[in-house]
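Below you'll find the structure, written out as structure tokens, and then a few comments.
The residues of the chain are indexed from 1 along the displayed sequence. Every number for a ligand or one of its atoms is a count from 1 in the order of the listing.
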Amino acid sequence: MKGKIYKGFSKLTEAEKRHLVSHLCEEPKISELEMSSLITKDTLRRDMFMDLSENTISAYHLPYGIAPNFVVNGNIYHVPMVTEESSVVAAAASAARFWADRGGFVVKELKTTKLGHVYFQWFANPDKLLSQWNTLKTVLLSRLKYVTASMVQRGGGITNLQLADDSAKTDKLFRLVVEFDTVNSMGANFINTCLEELAQGLDEKLNQGKSPEEADCRIVMSILSNYVDECTVTVEVGCPIRNLHGITDGMSPQQFAQKVELAYQIAWNDVYRAATHNKGIMNGVDSVIIATGNDWRAAEAGAHTFASRSGQYRALSQCKIEDDNIRIWITIPLAIGTVGGITNLHPLARKSLEILGNPTAPELMAIVASAGLASNFAAVQSLVTVGIQKGHMKLHLVNIFNALGASPKQRQLATDFFKGEKVSFAAVKQFMDEHKI
Ligand code: MEV
């Protein structure tokens, strides 16, 4: 086995961890000093960053950009986006600008119910459980009052509690299905706390006076679901087809619209295209989610599960030509918040929310979905016209310069030269080799 197992890494001081890590590579590319200077000197912030995760030895930097001019429900937003991928921000910005002149993004539907489950096995006769469910439900809900009090004060809390019988699929399995309104917070901790409290209540009530061996009810686990199919937002753009000028690359607006509609149909029907189509959506979605300190893994898990809800993985966005109009829309589940978690803790997450005018969680859902649809439309527009590489590689040129260590003079010459040429790593390298200045 290559490498070495480190025991007790977490017990080392931060400097020791950094020292150890910087000596893990045979030829260290990044010095200890460089690694430490990535962390802010401001003690309070520094501690906050370092405490977000564990075994921390540095902060990991990603570009933070702004895609301006998103019109969402008539409001203009300049949207913070964090991504390492070149052309994502530029593409979203250009689609946002295009649709801003055509009515912008409009929210068609927005739902905010989040879900969690307590899974348990029931070893007695199921009728015994079902017959006492109504009493049990009242007991459980009243037990939770002290946990939910402050959320209720903010307008949220538990909105529904049901019992589901899953025993046909998994032996003796039952499930508490709990619906939550977490107002402006993502609410993951709140939901999981409630669920664990419910599980404890269930255990106490159903197993009263019984030893663990005699217990009728065995709790398996309690956890929120990242499949929030009742916490979704639908946003739409649209315009008369004749207004699709300026982006059709020589096609008539009608031809362009038909090609766009076909591209969306392919992504609806073909799983290979659906995955890539949705990746383009998540380029925009994740960038805003990261910029606002939300959980992008939760968004990814939810989005892809939602994309598979029919039994086949499909595109999250669709396009229809109706009469002389084109309509493009996305429906995406988003469990995100504008308070709690790191949204207020991380200085840049807080800044992002400020830049967005301190939105409510539903407003942020609409902005994030719009960023997803903008990224998606920009990608499809390129794909059905000039192809994706032309614009992408132009913006990626600077990364190639950096990778090749190009001098300022070389950059200038190459930038001019590649305005009219196809950009590729090999072509830029050859140019650099021929222009060693
Ligand atoms: C690249 O990050 C995303 C695209 O592949 C999306 C798409 O194909 O629609 C360009």
Side-chain angles (χ1 to χ4, degrees), residues 62-67 70 79-99 105 235-237 244 247-249 251 256-291 296-297 299-304 306-308 312-321 326-332 334 368-400 403 422-425:
L62 285 172
Y64 179 104
I66 301 285
F70 268 83
V79 180
M81 296 177 85
V82 171
T83 177
E84 87 299 346
E85 186 172 334
S86 47
S87 81
V88 165
V89 176
S94 94
R97 183 74 195 84
F98 179 82
W99 287 110
F105 298 82
V235 294
E236 182 175 303
V237 289
L244 288 173
I247 55 167
T248 64
D249 190 43
M251 278 181 266
F256 172 76
Q258 279 165 353
K259 216 171 166 191
V260 168
E261 189 189 40
L262 196 56
Y264 277 83
Q265 252 171 38
I266 294 170
W268 184 255
N269 290 320
D270 173 33
V271 69
Y272 290 95
R273 176 57 199 151
T276 322
H277 181 99
N278 289 346
K279 193 274 183 181
I281 290 173
M282 298 315 282
N283 276 344
V285 167
D286 286 346
S287 303
V288 188
I289 289 196
I290 297 171
W296 76 95
R297 287 86 55 211
E300 287 280 344
H304 298 297
F306 191 70
S308 316
Q312 185 190 320
Y313 187 89
R314 295 185 188 279
L316 290 163
S317 59
Q318 294 179 73
C319 169
K320 281 259 169 331
I321 294 176
I326 186 165
R327 236 166 32 88
I328 307 172
W329 71 97
I330 181 171
T331 302
I332 185 165
L334 287 169
V368 169
S370 302
L373 189 57
S375 299
N376 170 235
F377 177 75
V380 173
Q381 185 269 337
S382 295
L383 289 169
V384 301
T385 55
V386 293
I388 207 72
Q389 282 308 79
K390 192 171 176 211
H392 179 72
M393 288 310 279
K394 280 262 157 356
L395 293 169
H396 187 58
L397 190 57
V398 67
N399 294 335
I400 303 180
K422 219 174 186 159
V423 179
S424 71
F425 189 89

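- Remark: minimum distance from atom 1 (C) of ligand 1 to any protein heavy atom is reached at E85 OE2, 3.5 Å.
- Relative ring orientation between Y313 and H304 is described as parallel, the plane-to-plane angle staying below 30° on a 0-90° scale split at 30° and 60°.
- Between F377 and W99, the distance separating the two ring centers is shorter than 6.0 angstrom.
- With ligand atoms numbered from 1 in the order given, ligand 1 contributes 1 (C), 2 (O) to contacts under 4.0 Å with heavy atoms of K279.
- From the protein, the heavy atom lying nearest to atom 5 (O) of ligand 1 is T276 CG2, 3.5 Å.
- Counting heavy atoms closer than 4.0 Å to ligand 1, residue M282 contributes nothing at all.
- Contacts between V380 and ligand 1, counted as non-hydrogen atom pairs separated by less than 4.0 Å, are absent for every part of the residue.
- Side-chain contact annotation: H396 with S87, donor-acceptor N/O pair under 3.5 Å absent.
- With a 4.0 Å heavy-atom cut-off, ligand 1 is reached by the side chain of L383 but not by its N, CA, C or O.
- Contact annotation: the side chain of W268 never approaches that of H277 to less than 4.5 Å [non-hydrogen atoms, C-beta and beyond].
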For N376 and S317: C-alpha separation, side-chain torsions, deciding distance, then whether side chain to side chain donor-acceptor pair (under 3.5 Å) applies. CA-CA 8 Å; N376 170 235; S317 59; 2.8 Å; yes

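- Protein heavy atom nearest atom 3 (C) of ligand 1, with residue, atom name and distance: N283 ND2, 3.5 Å.
- For atom 9 (O) of ligand 1, the nearest non-hydrogen atom of the protein is R273 NH2, 2.7 Å.
- Annotation for ligand 1: atoms under 4.0 Å from non-hydrogen atoms of I388 are 10 (C).
- Distance check, rounded to the nearest 0.5 Å: SG of C319 to NZ of K259 gives 14.0 Å.
- Side chains of I289 and V368 form a contact here, defined as non-hydrogen atoms less than 4.5 Å apart.
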